[in-house]
Structures are given as structure tokens and as C-alpha cells.
Amino acid sequence: MLNVDAINNGIVVDHIQAGTSLELYRLLELDKLENASIALIQNVRSNKSGKKDIIKIEGDVSALNLNILAYLDPGITVATIQDGKIVSKKRPDLPRKLVNVIRCRNPRCITSVEEECEHIFLLSSTGQYRCAYCEQAFEMKPE
Amino acid sequence: MRHLIDPLDFTREEVENLLDLADRIIADPAAYQEVARHKKLATLFYEPSTRTRLSFEAAILNLGGSVLGFPGADVSSAAKGESVADTIRVISAYADIAAMRHPKEGAPLRASRYSGIPVINAGDGGHNHPTQTLTDLMTIRRRCGRLDHLTIGLCGDLKFGRTVHSLIKSLARYEGIRFLFISPKELRVPSYIITDVVEPAGLEYQEVRSLEDSMPQLDILYMTRVQRERFFNEEDYIRLKNTYVLTEDKMKLAGPNLAVLHPLPRVNEISISVDDDPRAAYFEQAKNGVYVRMALIMTLLGLPDPKQKEGN
């Protein structure tokens with residue numbers, strides 16, 4: 001069994017669909033967290049889902065936009081740890097708007113050619129994120 | 001400042017006010033020939049569209065205004081790589097209102113966020129074409145006397161046809177609308193139009209293949225062209241372009257009050273022999289397009305209606 005140290009101050013992103021934590025690492029831009037230690041743990045045994053991934057982040061996470069997790073993987077929970085104790089554990093809320101978090105993949109969209117055009121996605125009434133410009137829904141994996 | 005980017009930017013009431021204004025202009029065009037005097041419309045056409053551009057130009061000229069612009073990306077600063085955001089900021093200094101046609105979806109929305117003048121979406125890729133929608137609504141209302149409780153058949157390219165998507169969104173705001181989506185399976189209406197627009201409105205719809213079987217049920221038949229420029233693959237275009245052709249024989253299957261609309265240009269999807277049928281409304285539709293654009297320019301520029309001042 002793999003052992004990863006418990007954290008004192010930070011967050012634990014748990015119940016991540018197995019095999020997708022690297023994609024979340026990229027989308028959350030965890031590489032830009034300069035004052036944090038990060039552990040990605042893949043294929044952890046889970047009673048609920050068989051296997052899952054976990055991301056542990058020790059340090060300042062205030063710059064993270066965690067709400068995007070709710071869309072990317074609705075089963076995810078985020079536990080906040082202070083002084084070695086869990087002070088809260090919840091599912092993030094879906095944000096109404098995502099700016100420069102995910103990119104529109106429609107080659108006919110203005111975002112594909114316009115210089116410095118923000119990639120803006122809005123939450124539709126059916127719970128999908130659609131590009132504010134071309135209205136194409138974002139799919140996690142290209143078709 | 002108001003723009004018209006999406007067909008739903010105007011409320012149902014605002015659309016009907018605009019159509020009422022267009023009706024007043026038709027009734028007395030001379031009364032409106034000076035209302036936009038000294039106003040300039042910029043037509044920013046990044047892809048060619050003779051009739052939409054000329055319709056806008058006719059509209060501003062009929063109102064006593066003037067026009068400037070470019071008819072294609074190759075003759076504009078876009079060829080030098082200028083962004084839409086920069087272009088509209090510059091054009092805002094030259095004109096009072098702009099109409100933009102762009103092959104990229106969302107370009108007019110992008111422009112509106114940086115513009116100092118009202119922006120009208122004159123068609124963005126396969127996405128929206130709200131002034132065509134206003135034209136369609138005006139033609140339906142003038143032909144049928146109402147915009148509710150109608151059976152509307154949309155036929156041809158329902159996947160890439162932006163006029164179709166815009167019209168569905170607008171008609172979904174009216175009660176008792178029933179849609180027949182008539183297309184080959186490759187050109188079916190996008191699923192989000194069904195799940196986000198038609199179903200939430202609680203409207204009845206069917207996706208069918210046969211134009212003949214649909215004809216007797218229709219109040220409106222909206223024909224579309226299969227557009228070569230929307231296909232990445234020429235073979236697919238050639239295979240699908242002749243799927244539906246409206247002929248005199250098919251017209252015999254329809255009721256006497258049917259109105260046939262088409263955003264034009266047509267290629268061969270409506271036989272020329274149908275043109276003399278009184279139910280063919282597509283050339284009247286093109287004419288309505290000028291009046292509705294006149295009403296739109298007046299509305300976005302906040303120009304007073306001379307007929308309303310007189311209390312008519």
C-alpha cells in the first residue's frame with residue numbers, strides 16, 4: 001500500500017474518477033501554485049467506485065478556482081484541512097461562468113482565430129457549459 | 001447601447017413593436033425617407049453576401065442615411081490580420097451603426113463588446129442570423145396574421161443552417177407552434193436546439209425524412225439551401241445537395257394557405273415553376289427584409305417614428 005503523508009494545511013480533492021487526475025491537474029493549473037506541495041494519487045481502492053484518484057495540496061490554495069471541479073466530475077469532494085483537522089468537506093457549486101478555464105474546440109468559433117480572445121463558457125439551463133461565442137457545448141474528451 | 005447579436009436579444013414584445021414599425025414603413029415609405037439623415041451605416045462583410053449587404057444598404061439609403069464598408073475579408077484589414085475587436089473600435093469612429101457578417105461564429109458578439117456603436121449580427125458562420133429571422137417572422141405574420149398556433153416545416157440543411165436555428169429559437173417563444181424538422185440524417189437539427197430550446201418550451205416536434213408526407217400538415221414551409229461553404233468535405237456536399245427539391249407536384253399536396261419561405265439564394269431546392277404559385281412567399285420575404293432592417297436601424301439608433309408622433 002502506497003503511503004502519502006497527511007497534510008496539515010490545505011485541501012484534499014477526493015473521489016476523482018480514476019485516471020483523470022492529471023487532466024484536473026492541468027485544468028486547475030496546479031503547476032502555477034508556487035507555494036504548495038502537491039500529490040497526485042491514482043487508482044486508489046474505493047468502496048464506492050472501485051478505484052479513484054486523489055489530489056492532496058499542502059499550502060496556500062486561495063488562487064484556485066475549485067468550482068470548475070463540480071462540472072468536470074460531479075462526484076468530487078473537497079476537504080479543507082487546517083492544523084491537521086478537516087474543517088469542511090463539500091461538493092463545489094457549479095460556476096455560472098468559466099473564463100479561460102476550458103477552451104472552445106469549435107474550429108468555426110471566433111475564439112479559434114481572434115488574438116487574445118478569452119474563452120468564456122456559460123452554464124446552460126440543461127447543466128452544460130456552452131461557449132459564449134458559438135454556443136458549442138464543451139466535451140471533456142474530443143469526439 | 002443596444003445591439004442585435006442573438007435572435008433572442010429582443011423580447012417578444014420588442015420584436016412585435018419592430019414588426020409593427022416595419023408595417024407602418026410599408027404603408028407609407030415616404031414618411032420615413034429622411035429619418036436617418038446624416039447617419040452612417042458601416043457594412044463589415046468578412047464573407048461575401050450580396051443580398052444581405054445590399055438589403056442593409058437599401059435600408060439605410062431608404063431612411064436618408066449613407067453607407068460605407070467592405071464586401072469581403074480580402075479587401076479589408078482582416079487580410080492584414082487585424083482582430084475584430086480592433087476593427088470595430090476604429091469603425092466606431094467612422095459610423096453610427098454597423099452590420100457585421102463573419103465566417104467565424106461569435107465574431108459579432110466579440111465586436112459588440114468593444115464597440116462604441118450598435119452592432120447588428122448580419123450572420124456569423126453556421127450560428128445565428130437574427131435579421132433574417134426578423135424578416136422571416138415578418139413574412140409569416142403578414143401571410144398568416146399571427147405568429148402562434150402554426151405548423152412550421154423546416155426543410156433541408158438543418159445542421160449548418162443558421163437561419164433555421166435562429167428561427168426556431170424565436171418561434172419557440174410563441175404558443176402552439178409545432179415543428180416538423182425535414183432533413184437527411186446527416187443534416188439533422190443540432191441536439192442542443194431540441195434539448196435547450198424546443199423541449200423546454202413544451203412544443204411539439206417531429207424529425208422526419210419525407211417532404212411529401214409533411215406537405216399537407218404545413219402552414220409554413222421553410223426551405224433551405226445545402227451550403228457548400230459549410231462542408232469540410234466536398235463529397236458530403238455533393239451527396240446531400242439534391243436531397244430535397246420543391247416542385248409543383250409537391251405543392252399540390254399542400255393546403256391553399258401554405259406560405260413557402262426561403263432565405264435565398266436558392267440553387268435548385270425550389271423549382272422555378274413554383275415561383276408563380278401564390279403560396280411562394282420568398283421574393284416577398286426578400287422585400288420585407290429591407291423594411292424590417294429599416295425598422296431595426298431606427299430602433300437601435302433610437303430614431304423617432306414620424307408616424308407615431310402624428311398619433312397614428
Problem set entry | Side chains of Arg130(A) and Tyr192(B) in contact at under 4.5 Å (non-hydrogen atoms) | yes
Problem set entry | Crowding at CG, Asn35(A) (>12 non-hydrogen neighbours, <6.0 Å) | no
For this session: Select one option (side chain, backbone, both, neither) describing which atoms of Cys104(A) are under 4.5 Å from chain B's heavy atoms.
Result: neither
Exercise. With the threshold set at 4.0 Å, does a side-chain nitrogen-carboxylate oxygen contact exist between Arg113(B) and Glu118(A)?
Worked result: no
For this session: Starting at CG of Asp6(B), measure out to CD of Glu135(A) and round the result to the nearest 0.5 Å.
Result: 6.0 Å
Problem set entry | Where Val84(B) and Glu114(A) come nearest, the two heavy atoms and their spacing | N-OE1, 2.9 Å
Problem set entry | Between Ala137(A), Cys131(A), Cys117(A), the one whose heavy-atom pairs under 4.5 Å with chain B are most numerous | Cys117(A)
Exercise. Is the number of heavy atoms from other residues, nucleotides or ligands within 6.0 Å of CD (Glu175(B)) greater than 12?
Worked result: yes
For this session: Any chance you could measure Glu116(A), atom CD, to Asp86(B), atom CG, to the nearest 0.5 Å?
Result: 9.5 Å
Problem set entry | Test item: Thr111(A) and Lys104(B) side chains (from C-beta on) under 4.5 Å apart, heavy atoms | no
Problem set entry | Between CZ on residue Arg110(B) and CD1 on residue Ile120(A), distance to nearest 0.5 Å | 8.0 Å
Exercise. If you draw a 6.0 Å radius around CZ in Arg188(B), do more than 12 non-hydrogen atoms from other residues or ligands fall strictly inside?
Worked result: no
Exercise. With a cut-off of 6.0 Å (strictly less than), are more than 12 heavy atoms of other residues, nucleotides or ligands near CZ of Arg103(A)?
Worked result: no
Exercise. Hey, is CD on Glu186(B) packed in by over 12 heavy atoms from elsewhere, all under 6.0 Å?
Worked result: yes
Exercise. Just how far is it from atom CD of Glu105(B) to atom CD of Gln136(A), taken to the nearest 0.5 Å?
Worked result: 7.5 Å
For this session: Answer yes or no: are there more than 12 heavy-atom neighbours, outside Lys169(B) itself, under 6.0 Å from its atom NZ?
Result: yes
